[in-house]
There are 2 protein chains.
Amino acid sequence: MTTPTLRDVAQLAGVHPATASRALNPQTRPLVNAETARKVLRAAESLGYQPNPIARSLKTARSSTVGVVIPDLTNPLFPPIVRGIEDVLTTAGYNAWIVNTDNDAGREEALVESLRSRQVEGLIVATARREHPLLVRLHDQGVRMVLVNRKVDGLELPSVAADDDAGVALSVAHLVALGHSRIAHLAGPQGTSTGVNRARAFRHAMIDHGLPDDPALTVECGYWSESEGALALRKLLDTGAEFTAVVAGNDLIALGCYDVFAERGIECPLQISVVGFNEMPFLDKMRPPLTTVAIPHYEIGGEAARLLLDTIEEPERHPRSVLMAPSLVVRASTARPAR
Amino acid sequence: MTTPTLRDVAQLAGVHPATASRALNPQTRPLVNAETARKVLRAAESLGYQPNPIARSLKTARSSTVGVVIPDLTNPLFPPIVRGIEDVLTTAGYNAWIVNTDNDAGREEALVESLRSRQVEGLIVATARREHPLLVRLHDQGVRMVLVNRKVDGLELPSVAADDDAGVALSVAHLVALGHSRIAHLAGPQGTSTGVNRARAFRHAMIDHGLPDDPALTVECGYWSESEGALALRKLLDTGAEFTAVVAGNDLIALGCYDVFAERGIECPLQISVVGFNEMPFLDKMRPPLTTVAIPHYEIGGEAARLLLDTIEEPERHPRSVLMAPSLVVRASTARPAR
DNA sequence: TTGTATGCGTTATCAT
DNA sequence: ATGATAACGCATACAA
């Protein structure tokens, strides 16, 4: 009992395969007599016919599939984004091929190559570094792409991201309202647009509040990780710099601070307040529950999928970029400064 | 500049496409003269030829792809498993199509259908309920499958899972060693094999330690979630039952207990100790850091991929199931009982 | 060892 | 409005 093909349907309906194809395809259905179309549809139904997407792809060079390039699915930031992407794509009749680059450029190139050879109709890329020759090349080759959470230097690509400036401004305003004035920033990697943006937004926010923008109070982390966050905070403490609050580049960096607090017997928020960024899961169960900036991840994914679908359907349309508004989630890692 | 095909390679090498095909394919390379093979390979290299997997699939009815069916990527349990699967598959020249069912049987059926129509060579399924008619049907149709973390009633399928009995035994032994004797179990859904198994393992462990197996001290959760865990613990407390420790079905259920502790002013671990299961990320940052059973997720994924590859290569081989040893991670949510 | 011929399942271009 | 034919790119049975 082999799966039925178009020929089987045509035979059962008593028409030529080409006619059956036209009848089955909503696009071309108007070309065929309404009555025969009905016959064909009934035949397909009764056989449980499912078109073979592989054969279709071979013929049409399309696939109803888009590639989703993620650095690391293990980072809790990404699964909700993926879900948002999938839900929108599914509704539009598309599928998502998810791929993990592990932050390895070689691996990424191989994976993208494999996606392209499978005729994906576009790419949603969440791995962009500021310098990203692969993306430049793909763009030159006319591959439709949408960036998530990142931008790439010198490339006008549609993108969707959280409004980081607004998020950092919320954090700083919250700390200032609590009475802090010596505020440090543990910045993300300056090789990522996010890291650069948030650091700049931090400086701007400080200036807007009439506070000194002291370069000695900003330390860069090599990665968006707990261990790098811990490293950076240790470095900062060891300089003897004075500060009562930390704006961390993201939640992982903020959690790294917790490790240092434990090491050195520092009380949070009594001695140092900390604000994170991203609203990872389970922050409310941390010790102390982490104040952070919440990002609408799921919605970002959905928006990215919509942008890509637009790009596929109207390739000439000017690239749009959308910014999603964040919100501050106040928990127990921030409080008035001790003195 | 269109992408080169096999014909281009053949033409450049001055041979027939069929010869080029044989030369390019490691399987059939021995059939062709070593010298011509070299010529073909050089031609392919110089053109940057990449075989078209779609055409190949259409011809061979294979795809070098396996489907990975996950209930919810947002559950931190699954990403490491997926990574393990991907790493092993990639090494073997296969790709993984990851798919999210959202615990919806209809969605699952549609997704599996779509995977099959793309000629996946097998399925790794992490969504199995004990009753799972879809899987039974697929099995009857000869679809190669491996189950992860679950079993299905009445189906002899290769599977890989953590040794839940051992894990629960570790938890109970730890609590008993601390001096607990009134130990409660917040069981997972009894519609899942994991839920049933852990509950049974709990009873056995209690008996093994000569402790009463009191049914009043076990409450079932409807889902593997925080809110259900909280609900179950409230229910248990409201019966007035006496106990000094809780073995939770998984970490989420354990974290649900934390919410109830906060609500009712219960001190953990002073008044009640809690042990989780799974070793989700960031448990060490919780309040209090959660004692739990660690599962080698990444290795489980890798093992599942290996089992599936075995099944694909030796379809007649008897289904093996492998159990991975868990370990106990002792943190601050467990302590000697107060009195 | 290599070439010839054919077909995987579908759709696009003709012709009728 | 429908049918005939070819082609997408590749692999394989068969012939030479």
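Chain A is the first sequence line, chain B the second, and so forth, proteins listed ahead of strands; every chain is numbered from 1. Quantities reported herein were computed from a predicted structural model and do not represent experimental measurements.
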Side chains of residues 48-57 of chain A: which donor-acceptor partners sit under 3.5 Å, not counting sequence neighbours?
residue, atom, partner, partner atom, Å
A:N52, OD1, A:I54, N, 2.7
A:N52, OD1, A:A55, N, 3.1
A:S57, OG, A:P53, O, 3.0
A:S57, OG, A:R62, O, 2.7

- request: Specify the closest pair of heavy atoms between A:E121 and A:S64, including all atoms of both residues, with the distance to one decimal.
  value: OE2-N, 2.6 Å
- prompt: Atom CG of B:L24 to atom C1' of D:dT12: distance rounded to whole Å?
  reply: 15 Å
- line: Residues at least two apart in sequence or cross-chain that pass salt bridge (Lys or Arg N to Asp or Glu O under 4.0 Å) with A:R137, listed by chain then number, are A:E109
query: Can you tell me how far C1' of C:dT1 sits from CG of B:N25, to the nearest Å?
result: 17 Å
Near-strand residues of residues 42-58 of chain A, defined as heavy-atom separation under 4.0 angstrom from DNA chain D: A:L58
- line: The correct set of residues in residues 111-120 of chain A placing a heavy atom under 4.0 Å from DNA chain D is none
task: Rounded to the nearest angstrom, tell me the gap between atom CG in A:L6 and atom P in C:dT10.
output: 5 Å
task: Measure the angle between the two terminal helix axes of the helix from C:dT1-D:dA16 to C:dT16-D:dA1, five base pairs each, and quote it to 10°.
output: 40°
task: May I have the distance from A:R7 (atom CZ) to D:dA6 (atom P), rounded to whole angstrom?
output: 14 Å
message: Under a plain distance cut-off of 3.5 Å, with no hydrogens placed, do A:R150 and A:T194 share a side-chain donor-acceptor pair?
response: yes
query: Does any donor atom in the side chain of A:H132 or A:E108 lie under 3.5 Å from an acceptor atom in the other side chain?
result: yes
message: Tell me every residue that passes side chain to side chain donor-acceptor pair (under 3.5 Å) with A:D8, counting only those two or more places apart in sequence or in another chain.
response: none
- prompt: Taking atom types as modelled, is there a side-chain donor on A:Y298 or A:D87 under 3.5 Å from an acceptor on the other?
  reply: yes
query: Which whole-number value in Å describes the distance from B:R62 CZ to C:dC8 P?
result: 18 Å
- line: Between CZ of B:R29 and C1' of D:dT12 the distance, given in whole Å, is 17 Å
- request: Any salt bridge (Lys or Arg N to Asp or Glu O under 4.0 Å) involving residues 14-39 of chain B? Give me the pairs, sequence neighbours left out, ordered by first then second residue.
  value: B:E35-B:R38
statement: Separation of C:dT10 atom C1' from A:D8 atom CG, nearest Å, is 13 Å
- prompt: Which residues pass the side-chain contact (heavy atoms from CB on, under 4.5 Å) test with A:T90, sequence neighbours left out?
  reply: none
- prompt: Who passes salt bridge (Lys or Arg N to Asp or Glu O under 4.0 Å) against B:R306, sequence neighbours left out?
  reply: B:E303
message: Is any side-chain heavy atom of A:I70 closer than 4.5 Å to one of A:T101?
response: no
Tabulated below should be each protein N or O lying under 3.5 Å from an N or O of nucleotides 12-16 of chain C; please produce it.
none

Please tabulate, for the side chains in residues 71-83 of chain B, all donor-acceptor contacts under 3.5 angstrom to protein atoms that are two or more places apart in sequence or on a different chain.
residue, atom, partner, partner atom, Å
B:D72, OD1, A:R83, NH1, 3.1
B:D72, OD1, B:T74, N, 2.9
B:N75, OD1, B:L77, N, 2.9
B:R83, NH1, A:D72, OD1, 3.1
B:R83, NH2, A:D102, OD1, 3.3
B:R83, NH2, A:D102, OD2, 3.0

message: If I take atom CD in residue B:Q11 and atom P in nucleotide C:dG3, what distance separates them, rounded to the nearest angstrom?
response: 13 Å
field: Those residues that, when tested against A:E131, pass side chain to side chain donor-acceptor pair (under 3.5 Å) (two or more places apart)
entry: none
